[in-house]
**Q** 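I have a structure here, written as structure tokens, and I will follow up with some questions on it.
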Amino acid sequence: MVQKMGQCYKVSVIGGGTAGLVAARELQREGHHVTVFEKANRVGGTWLYDPRVETDPLGIDPNREIVHTSLYKSLRVNLPRQVMGFLDYPFLKKDGGDPRHFPGHQEVLRFLEDFARDFGLMELIRFEHEVVRVELVDEASHEWVVESRTRTTESKWESKEEIFEAVVICNGKSTEPKIAEFSGRDIWPGLQMHSHNYRTSEQFENKTVVLIGNGPSAVDILREIAPLAKQVHQAVRGPNFKLKRLEKHDNAWQHSMIECAHKDGKLVFQDGSIVYADVIIHCTGYKYHCPFLKSNGIVTVDDNRVGPLYKHVFPPSLAPWLSFVGLNYKAVPAITIELQAKWVAKVVSGKLGLPTQAAMTYSVEEFYREMERKGWPKHHTHNLLYNEFEYIEWVARELDIRPPNWWKNITYESHVKMLRYYGSEYRDAWDIDEWMLEMNSPNFSTP
């Protein structure tokens, strides 16, 4: 089918979180007929707190009832609100809300709900509609069937199929847990859980807990459970991590990774230390998961590489009628997602073009070869830590948009530097207002 400039299409957006809402807004601005499918009864995606946890705390049982959100009750954002808003809709402090620069998750949900209402997106959303199948049924007319289901009773579902001309997948990346592998894991007798199913600290009182990981969730959970737990031991991958007591905690230690586990509850670490623990919490990230997509093997997920995707968004042979928004991580999420959404909307409208299928395929393959040359593992395919600046600049240039001045300085990498500089209390110690003012100084540098 020939794509005409400015033509309107019937577009399905999968997911009503940050990426889905922004994608819906941009598609609607281009005049497309948008339908958003959202499994929950409210917008927010991962920012919609749910006190429930899954029946399998480790999250590996395929038959478990999936709880979408990974939020724990005390979670605060790990990037300042000044960079979590959109180009024309900043994340401002509001009366009665959380005024902190790094607010709690409730404030983010309120922001997203206000965004959806202010841009008239609520009427586009079908709440409590779980998408179970997205499949190309007519390549010539790029028709996609989207099958969704709604629960009519506790045990009964009602399914419905609809045809769309384009599909944008925005279903998030924090639902399917990734688990650490080590010898004896399956025979170890204690409680194992993934941080996806952590909500509050009370259950760890007087317990000896091992946390696997060194990311934001591991740091937050360690700080929260240490005052209650008997002992906390943090297992971290990498050659530079050795046994040491953690600062500001009398009962917490850092180790290298777990070497093996035993039936008697013993855990042996690679540094030779031994701990008898009650609980292991895997703070080990997530797998990309879109089981509803039926593409005849054109788009696959292999070791967290969703591909092939041109610039992390378009599968070359299905572009622009299938796209992904929000796959990237270790990047400032709002501006990345917003620019991707604008790009998708403009390309679907025919106002911006894409390279040929062959050229896009070559670009993807060259990116994979570059990863191999640099020794980047496959599961870092969508990690923007090393090229966040270049990627955002490229998409912005395609759109003829000049991003705000701060974006070159407030990157994921700068956040990591601030964490190292201020420690775990960086959210309250970092004067972000003063820092943003100083960024215009010619002598500005990150601490």
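All values derive from a computational prediction rather than experimental measurement.
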**Q** Give me the atom names and distance for the closest heavy-atom approach of Gly44 to Leu109.
**A**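 Smallest heavy-atom distance, with atoms named: CA-CD1, 3.8 Å.
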
**Q** Only one of Leu121, Leu21, Val22 clears side chain to side chain contact (heavy atoms under 4.5 Å, CB included) with Leu112; which?
**A**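 The residue from Leu121, Leu21, Val22 that satisfies side chain to side chain contact (heavy atoms under 4.5 Å, CB included) with Leu112 turns out to be Leu21.
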
**Q** Output yes when a side-chain donor or acceptor of Asn171 lies under 3.5 Å from a complementary backbone atom of Gly20, and no otherwise.
**A**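 Here the side-chain-to-backbone pair does not exist.
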
**Q** I'd like to know whether CZ of Arg237 has more than 12 heavy-atom contacts from other residues, nucleotides or ligands below 6.0 angstrom.
**A**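 Counting neighbours around CZ of Arg237, 12 or fewer heavy atoms of other residues, nucleotides or ligands fall under 6.0 Å, so no.
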
**Q** Which donor-acceptor pairs under 3.5 Å do side chains of residues 89-96 form with protein atoms, sequence neighbours excluded?
**A**
from: Tyr89; atom 1: OH; to: Asp114; atom 2: O; distance (Å): 3.4
from: Tyr89; atom 1: OH; to: Phe115; atom 2: N; distance (Å): 3.4
from: Tyr89; atom 1: OH; to: Asp118; atom 2: OD2; distance (Å): 2.6
from: Lys93; atom 1: NZ; to: Pro99; atom 2: O; distance (Å): 3.4
from: Lys94; atom 1: NZ; to: Asp114; atom 2: OD2; distance (Å): 2.9

**Q** Within a radius of less than 6.0 Å around CD of Glu247, do more than 12 heavy atoms belonging to other residues, nucleotides or ligands occur?
**A**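 Incorrect, the count does not exceed 12.
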
**Q** Is Tyr391 reaching over with its side chain to a backbone N or O of Thr336, donor-acceptor style, under 3.5 angstrom?
**A**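 The answer is no, because no donor-acceptor pair under 3.5 Å joins these two groups.
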
**Q** For residues His194 and Tyr286, establish whether the separation of their ring centroids is below 6.0 Å.
**A**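 Here the rings of Tyr286 and His194 have centres that are less than 6.0 Å from each other.
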
**Q** Judged by atom type as modelled, is there a donor-acceptor pair below 3.5 Å linking the side chain of Gln340 to the main-chain atoms of Gly326?
**A**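 Judged by distance alone, yes, a pair lies under 3.5 Å.
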
**Q** With sequence neighbours excluded, tell me which residues meet side chain to side chain contact (heavy atoms under 4.5 Å, CB included) with Gln254.
**A**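 So Gln254 forms a side chain to side chain contact (heavy atoms under 4.5 Å, CB included) with Asn214, Gln234, Val236, Phe241, Lys244, Leu246.
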
**Q** Take Phe314 and Phe324 through the test ring pair (Phe, Tyr, Trp, His ring centres under 6.0 Å) and record every step on the way to the result.
**A** CA-CA 7 Å; Phe314 291 107; Phe324 293 76; 9.7 Å; no

**Q** Measuring centre to centre across the rings, with the benzene-like ring taken for any Trp, is Tyr421 within less than 6.0 Å of Trp430?
**A**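 No: the rings miss the under 6.0 Å criterion.
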
**Q** What do the steps show when you test Met84 against Val77 for side-chain contact (heavy atoms from CB on, under 4.5 Å), and what is the final call?
**A** CA-CA 9 Å; Met84 292 187 69; Val77 299; 3.7 Å; yes

**Q** Within this structure, what is the CG-CD distance for the pair Leu339 and Glu398, rounded to the nearest 0.5 Å?
**A**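 Between Leu339 CG and Glu398 CD, I get 11.5 Å after rounding to 0.5 Å.
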
**Q** Using a 3.5 Å distance criterion without hydrogens, assess whether the side chain of Glu165 forms a donor-acceptor pair with backbone atoms of Lys10.
**A**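 Flag set: sc Glu165 to bb Lys10 pair under 3.5 Å.
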
**Q** If the threshold is 4.0 Å, N to carboxylate O, is there a salt bridge linking Lys346 and Glu30?
**A**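 Between Glu30 and Lys346 there is a salt bridge, with a charged N closer than 4.0 Å to a carboxylate O.
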
**Q** Would you call Glu366 and Arg373 a salt bridge, using N to O less than 4.0 angstrom?
**A**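 Salt bridge: yes.
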
**Q** Does the side chain of His101 come within less than 4.5 Å of Gln82's, by heavy atoms?
**A**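 Sidechains of His101 and Gln82: in contact.
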
**Q** In the structure I gave you, are the side-chain heavy atoms of Val146 and Glu135 within less than 4.5 Å of one another anywhere?
**A**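 No - every pair of side-chain heavy atoms lies 4.5 Å or more apart.
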
**Q** Taking C-beta and beyond as the side chain, do Glu38 and Val43 meet within less than 4.5 Å on heavy atoms?
**A**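 The answer is no; the side chains never approach within 4.5 Å.
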
**Q** Under 6.0 Å from the ring centre and within 45 degrees of the ring axis: does the NZ or CZ of Arg305 meet both conditions for the six-membered ring of Tyr368?
**A**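 Here Arg305 passes the 6.0 Å and 45° test against Tyr368.
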
**Q** Hey, does Pro308 have a side-chain heavy atom less than 4.5 Å from the side chain of Pro316?
**A**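 A side-chain contact under 4.5 Å exists here.
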
**Q** Please check this pair: side chain of Arg199 against backbone of His196, looking for a donor-acceptor N/O pair closer than 3.5 Å.
**A**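 Looks like yes, one N/O pair under 3.5 Å.
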
**Q** Do the side chains of Asp303 and Pro377 get nearer than 4.5 Å, heavy atoms only?
**A**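 Heavy-atom side-chain distance check fails, nothing below 4.5 Å.
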
**Q** Under 3.5 Å, side chain of Asn328 to main-chain N/O of His382, donor-acceptor pair present?
**A**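 Checking the backbone N and O of His382 against the side chain of Asn328, a donor-acceptor pair under 3.5 Å is found.
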
**Q** Indicate the atoms forming the closest heavy-atom contact of His68 with Gly45, along with that distance.
**A**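 For His68 and Gly45, the tightest heavy-atom pair comes out as CD2-C, 3.8 Å.
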
**Q** Just by modelled atom types, is the Asp98 backbone N or O under 3.5 Å from a matching donor or acceptor in the Glu107 side chain?
**A**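 Here the side-chain-to-backbone pair exists.
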
**Q** First locate atom NZ of Lys342, then atom CG of Asp400, and finally report the distance between them rounded to the nearest 0.5 Å.
**A**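 One gets 12.0 Å once the value is rounded to the nearest 0.5 Å.
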
**Q** Considering all heavy atoms of both residues, which atom of Met122 and which atom of Ala116 are nearest to each other, and what is their separation?
**A**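 Taking every non-hydrogen atom into account, SD-CB, 3.6 Å.
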
**Q** Between Glu54 and Arg64, is the closest basic N to carboxylate O distance under 4.0 Å?
**A**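 Salt bridge flag = yes for Glu54 with Arg64.
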
**Q** Please tell me whether Tyr72 and His105 form a close aromatic pair, meaning their ring centres lie under 6.0 Å apart.
**A**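 So the answer is no for these two rings.
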
**Q** Sort out for me which residue in Lys73, Arg427, Arg76 forms a salt bridge (charged side-chain N to carboxylate O under 4.0 Å, His left out) with Asp220.
**A**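 Filter result, single survivor: Arg427.
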
**Q** So, Tyr288 side chain and Leu327 main chain: donor-acceptor pair closer than 3.5 Å or not?
**A**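 Present.
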
**Q** Could you give the distance from OG1 (Thr150) to NZ (Lys160), rounded to the nearest 0.5 Å?
**A**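 Spacing of OG1 (Thr150) from NZ (Lys160) equals 9.5 Å.
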
**Q** Find out whether the Lys NZ or Arg CZ of Arg133 is both under 6.0 angstrom from the six-membered ring centre of Phe292 and within 45° of the ring's axis.
**A**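 Pair Arg133/Phe292 does not count as cation-pi.
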
**Q** What distance separates Ser74 OG from Arg223 CZ, expressed to the nearest 0.5 Å?
**A**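 Rounded to the nearest 0.5 Å, the OG-CZ separation comes out at 7.5 Å.
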
**Q** Heavy-atom count check: over 12 atoms from other residues, nucleotides or ligands less than 6.0 Å from Asp250 CG?
**A**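 Result for CG/Asp250: open.
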
**Q** Checking His129 side chain against Ser148 main chain: does a donor-acceptor pair fall under 3.5 Å?
**A**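 No, His129 side chain to Ser148 backbone: no donor-acceptor pair under 3.5 Å.
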
**Q** Distance from Thr46 atom OG1 to Asp50 atom CG, nearest 0.5 Å?
**A**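 Going from the OG1 atom of Thr46 to the CG atom of Asp50 covers 11.0 Å.
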
**Q** List the steps and the verdict of ring pair (Phe, Tyr, Trp, His ring centres under 6.0 Å) for Phe164 and Trp321.
**A** CA-CA 9 Å; Phe164 293 88; Trp321 314 115; over 10 Å; no

**Q** Set out, in order, the CA-CA distance, both residues' side-chain angles and the distance that settles side-chain contact (heavy atoms from CB on, under 4.5 Å) for Ile281 and Ile221, then state yes or no.
**A** CA-CA 9 Å; Ile281 306 178; Ile221 294 172; 4.2 Å; yes

**Q** Locate the shortest heavy-atom distance separating Leu354 from Pro320; write the atom from each residue and the value.
**A**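 Closest pair (atom of Leu354, atom of Pro320, distance): CD1-CB, 4.3 Å.
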
**Q** Shortest non-hydrogen contact from Ala180 to His282?
**A**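 Scanning both residues completely, I find the closest heavy atoms to be N-ND1, 3.2 Å.
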
**Q** Counting C-beta onward and ignoring hydrogens, is there a side-chain heavy-atom pair between Val83 and Ile335 closer than 4.5 Å?
**A**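 Side-chain contact under 4.5 Å: no.
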
**Q** Do the side chains of Glu388 and Lys330 get close enough for a salt bridge, i.e. N-O under 4.0 angstrom?
**A**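 Judged by the 4.0 Å cut-off on N to carboxylate O distance, Glu388 and Lys330 do not form a salt bridge.
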
**Q** Let's go through Tyr9 and His142 carefully: what are the C-alpha distance in whole Å and the side-chain angles of both, what is the deciding distance for side-chain contact (heavy atoms from CB on, under 4.5 Å) to 0.1 Å, and is it a yes or a no?
**A** CA-CA 11 Å; Tyr9 295 101; His142 56 87; 3.9 Å; yes

**Q** So do Asn78 and Tyr426 actually touch side chain to side chain, heavy atoms under 4.5 Å?
**A**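 SC-SC contact between Tyr426 and Asn78 confirmed.
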
**Q** Is there a donor-acceptor pair closer than 3.5 Å between any side-chain N or O of Thr69 and the backbone N or O of Leu71?
**A**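 Side chain of Thr69 to backbone of Leu71: a pair is present.
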
**Q** List the atom of Leu222, the atom of Ala252, and the distance in Å for their closest heavy-atom pair.
**A**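 So the two residues come closest at CD2-CB, 4.4 Å.
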
**Q** Would you compute the distance between atom CD1 of Ile392 and atom CZ of Arg397 and round it to the nearest 0.5 angstrom?
**A**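 So the CD1 of Ile392 and the CZ of Arg397 are separated by 12.5 Å.
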
**Q** With a 4.5 Å cut-off on side-chain heavy atoms, are Leu27 and Arg25 touching?
**A**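 With C-beta onward as the side chain, the pair stays apart.
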
**Q** Using a cut-off of 6.0 Å, state whether more than 12 heavy atoms not belonging to Lys207 lie near its atom NZ.
**A**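 No.
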
**Q** Do the ring centers of His312 and Phe367 come within less than 6.0 Å of each other?
**A**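 Yes: the rings meet the under 6.0 Å criterion.
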
**Q** Kindly determine whether Leu322 and Ile169 satisfy side-chain contact (heavy atoms from CB on, under 4.5 Å), including the steps that lead there.
**A** CA-CA 8 Å; Leu322 179 67; Ile169 296 178; 3.9 Å; yes

